[in-house]
Q: 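The structure is given below, and queries will be raised subsequently.
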Amino acid sequence: MLLLDGKKLADELKAEIKTEVDKIIQSGKRAPHLAAILVGNDGGSLTYVGHKVKACEQVGFKSTLLQFDDSITEEFLLNEVSKLNANTEIDGFIVQLPLPKHINADNIIMAIDPQKDVDGFHPVNVGKVTLGMNAYISATPLGITKILERYNISTEGKHCVVIGRSNIVGRPMSILMSGQSKTGNCTVTVCHSKTKNLKEITLQADIIIAALGKPGFLTGEMVKEGAVVIDVGTTRVNDATAKAGWRLKGDVLFDEVSPKCSAITPVPGGVGPMTVVSLLLNTLKSAKG
Ligand code: NAP
């Protein structure tokens with residue numbers, strides 16, 4: 001069984017990005033610049049944005065964090081988005097989700113200039129990716145694609161089962177896996193909460209991408225020998241023995257599933273670090289124009 005080490009791969013990619021940033025600066029240009037908008041004090045969001053800012057520092061990017069109280073209005077936030085759109089010193093920016101309930105996230109995403117939408121959530125980018133055109137692929141799907149590419153996982157003609165159909169993971173992942181690309185050309189089945197006989201479907205899969213947010217959902221008896229398993233799930237599960245009082249758990253019951261796999265991502269240390277590095281890749285892409 002091959003452990004698909006997302007942490008190690010992310011470190012390698014960060015070193016490659018840093019080399020490119022050094023070249024950009026040596027040529028007399030400014031460093032790539034990523035901005036993040038964070039609204040409120042959600043613990044998970046604070047952690048994720050913190051990781052992104054730290055990753056920027058590691059590769060020599062400039063980063064700007066705009067933090068607002070959760071009492072701000074949608075109009076105020078739209079105005080901040082429009083200022084970032086117009087700011088030529090910023091190559092790309094993200095609005096950390098979720099937003100407070102009184103702010104319509106769709107309206108905010110629609111207001112982001114697609115050229116600066118390094119999260120790849122704007123419908124223009126989603127549409128272009130669907131059509132196989134050059135665009136920003138959203139960070140988690142891009143990170144998974146990089147894992148498949150760098151570990152030379154063969155995908156052509158394989159049956160890929162994606163569990164989950166969210167706009168940020170399952171749906172784009174299913175589109176990428178069926179696309180005409182080096183890490184695509186799969187026959188894809190998309191499963192969701194209304195899918196019947198899920199086990200019968202996963203047992204036919206050469207590649208399983210589990211993105212449903214249910215810890216330990218995919219068990220050994222649901223996976224055929226030799227399958228490749230990508231575990232996207234990251235759920236905080238209470239654990240008194242952990243320093244933080246919780247641990248991150250994936251959607252895959254690793255101890256049961258991993259002995260049957262030809263390759264598998266761990267949680268933590270699999271898809272998560274690759275998501276952060278993918279945001280850097282998209283920002284670099286924007287900076288290079
Ligand atoms: P989400 O928006 O809640 O979507 C979950 C999907 O799973 C939905 O499509 C849902 O079906 C489906 N589902 C739920 N229960 C199911 C079941 N019993 N059988 C089959 N399908 C089922 O979640 P998400 O945003 O895609 O995130 C999924 C997981 O990935 C979460 O743990 C999240 O924290 C994690 N995540 C990790 C990263 C990372 O960087 N590692 C990034 C993003 C997300 P319906 O559509 O029918 O409701």
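This one's a predicted model, so the numbers in the text were calculated from it and none came from an experiment. In what follows, every heavy atom counts, from backbone to side chain, and hydrogens, waters and symmetry copies are set aside. All ligand and atom numbering here is 1-based and tracks the order in the structure.
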Q: Sub-3.5 Å donor-acceptor pair from the side chain of K62 to the main-chain atoms of P32, do we have one?
A: no

Q: T140 and T275: side-chain donor and acceptor closer than 3.5 Å?
A: yes

Q: Could you tell me whether the side chains of K23 and S27 share a donor-acceptor contact shorter than 3.5 Å?
A: no

Q: Thinking salt bridges, do R150 and E16 make one under a 4.0 Å N-O criterion?
A: yes

Q: In the protein, which heavy atom is nearest to atom 15 (N) of ligand 1, and how far is it?
A: K214 CE, 3.5 Å

Q: Pair F76, F68 - check ring-ring contact (aromatic ring centres under 6.0 Å, His included), show working.
A: CA-CA 10 Å; F76 177 90; F68 302 114; 5.2 Å; yes

Q: Consider ligand 1: state whether an atom of it lies below 4.0 angstrom from any non-hydrogen atom of G170.
A: no

Q: Could you go step by step and tell me if N104 and E74 meet the side chain to side chain donor-acceptor pair (under 3.5 Å) rule?
A: CA-CA 7 Å; N104 183 322; E74 185 172 313; 5.4 Å; no

Q: Please determine if D91 and K288 form a salt bridge, counting it only when a charged side-chain N lies under 4.0 Å from a carboxylate O.
A: no

Q: Look up atom CD in Q96 and atom CG in L65, then write down how far apart they are to the nearest 0.5 Å.
A: 10.0 Å

Q: Please list, in number order, the atoms of ligand 1 under 4.0 Å from a heavy atom of T140.
A: 40 (O), 42 (C), 43 (C)

Q: Which protein non-hydrogen atom lies closest to atom 9 (O) of ligand 1, naming both residue and atom, and how far is it?
A: R165 N, 2.9 Å

Q: Taking non-hydrogen atoms only, is M274 closer than 4.0 angstrom to ligand 1 via side chain, backbone, both or neither?
A: neither

Q: So between M173, K249, H192, whose heavy atom ends up nearest atom 20 (C) of ligand 1?
A: H192

Q: If you measure every N or O of K194 against every N or O of ligand 1, does any of those distances drop under 3.5 Å?
A: no

Q: Does R247 form a salt bridge (charged side-chain N to carboxylate O under 4.0 Å, His left out) with D239? I'd like the steps, not just the answer.
A: CA-CA 6 Å; R247 269 182 213 288; D239 183 344; 2.6 Å; yes

Q: Can you check atom 46 (O) of ligand 1: any protein non-hydrogen atom closer than 4.0 Å?
A: yes

Q: What protein heavy atom is closest to atom 37 (C) of ligand 1, reported as residue, atom name and distance in Å?
A: V232 O, 3.1 Å

Q: For ligand 1, which atoms, with element, lie under 4.0 Å from some heavy atom of V169?
A: 26 (O), 43 (C), 44 (C)

Q: Closer than 4.0 Å to some heavy atom of I163 - which atoms of ligand 1 meet that?
A: 20 (C), 21 (N)

Q: Using a strict cut-off of less than 4.0 Å between a Lys/Arg side-chain nitrogen and an Asp/Glu carboxylate oxygen, indicate whether K54 and E57 qualify as a salt bridge.
A: no

Q: Can you list the atoms of ligand 1 that are under 4.0 Å from a heavy atom of G272?
A: 40 (O), 41 (N)

Q: If you count the atoms of ligand 1 from 1 in the order shown, which ones are under 4.0 Å from a heavy atom of G213?
A: 28 (C), 29 (C), 31 (C), 32 (O)

Q: When you measure from atom 6 (C) of ligand 1 to every protein heavy atom, which one gives the shortest distance, and what is it?
A: G164 CA, 3.7 Å

Q: Does ligand 1 have an atom that lies less than 4.0 angstrom from a heavy atom of T195?
A: no

Q: For the pair K182 and E149, find out whether any cationic side-chain nitrogen is under 4.0 Å from an anionic carboxylate oxygen.
A: no

Q: Counting only heavy atoms, which portion of T234 has something under 4.0 Å from ligand 1: side chain, backbone, both, or neither?
A: both

Q: I'd like to check which ligand 1 atoms, numbered from 1 as shown, lie under 4.0 Å from a non-hydrogen atom of F217.
A: 18 (N), 19 (N)

Q: Which residue and non-hydrogen atom of the protein lie closest to atom 39 (C) of ligand 1, and at what distance in Å?
A: T275 OG1, 3.7 Å

Q: With backbone taken as N, CA, C and O and side chain as the heavy atoms from C-beta onward, which portion of L212 lies under 4.0 Å from ligand 1: side chain, backbone, both, or neither?
A: both

Q: What protein heavy atom sits nearest atom 10 (C) of ligand 1, and how far off is it?
A: S193 N, 4.2 Å

Q: Nearest non-hydrogen contact with atom 23 (O) of ligand 1 belongs to which option: S278, P141, S166?
A: S166

Q: Working to the nearest 0.5 angstrom, can you tell me the gap between L4 CG and I153 CD1?
A: 5.0 Å

Q: Consider only side-chain N and O atoms of H33 and T64, and report whether a donor and an acceptor are under 3.5 Å apart.
A: yes

